[in-house]
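Values below: all heavy atoms of this structure, side chains included; hydrogens, waters and symmetry mates excluded. Worth saying up front: this structure is predicted, and the values here are computed from it rather than measured.
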Amino acid sequence: DSIGGLEGLIAKSESNLKVLEDFVDATPWIHFLAQDKTSRSNTSVCFTLDLEPDQVKKMTALLEAEGAAYDLSLIHISEPTRLLSISYAVFCLKKKKKKK
């Protein structure tokens, strides 16, 4: 409750989603998997990336090295009905445990 309780948590998650939306709008190689805003989650965000697999690996390594994201899980999906492969990235942000 000291940081706003449920209302504070909801406001923070909506604010975080706005930051991601602004980044996606300004960056041509990343898109929301849920293209319809009404079906987009503000707590479990999935992206499609127009990048090569080695570029995705470098990006996730940098995010972890910078302490911006932890435990990133990537699922590479290529369907025969698609002309190009699509990389789906699910960013699972976790608070890093402090070492004693």
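For the side chain to side chain contact (heavy atoms under 4.5 Å, CB included) test, no residue two or more places apart in sequence or in another chain qualifies with Leu9. For the side-chain hydrogen bond (donor to acceptor under 3.5 Å, both in side chains) test, no residue two or more places apart in sequence or in another chain qualifies with Asn16. Qualifying side-chain hydrogen bond (donor to acceptor under 3.5 Å, both in side chains) partners for Thr43, counting only residues two or more places apart in sequence or in other chains: Ser41. Scored by the salt bridge (Lys or Arg N to Asp or Glu O under 4.0 Å) test, Asp22 finds Lys18 as partners (sequence neighbours excluded). Partners of Lys12 according to the salt bridge (Lys or Arg N to Asp or Glu O under 4.0 Å) rule, which considers only residues two or more places apart in sequence or in another chain, do not exist here. Residues meeting the side chain to side chain contact (heavy atoms under 4.5 Å, CB included) test with Ile10, sequence neighbours left out: Leu6, Glu14.
The aromatic rings of Trp29 and Phe23 lie perpendicular to each other, with more than 60° between the two planes, well past the 30° mark.
For the pair Phe32 and Thr48, the minimum side-chain heavy-atom distance is 4.5 Å or more. No side-chain heavy atom of Asp50 sits less than 4.5 Å from a side-chain heavy atom of Ile30. Counting heavy atoms from C-beta outward, Leu33 and Phe47 have side chains that stay 4.5 Å or more apart.
For residues 23-41, the salt bridge (Lys or Arg N to Asp or Glu O under 4.0 Å) pairs, not counting sequence neighbours, are Glu21-Arg40.
In this structure, the side chain of Glu66 does not engage the main chain of Leu63 through any donor-acceptor pair within 3.5 Å.
Here the CD-NZ distance, from Glu52 to Lys57, works out to 12.0 Å after rounding to the nearest 0.5 Å.
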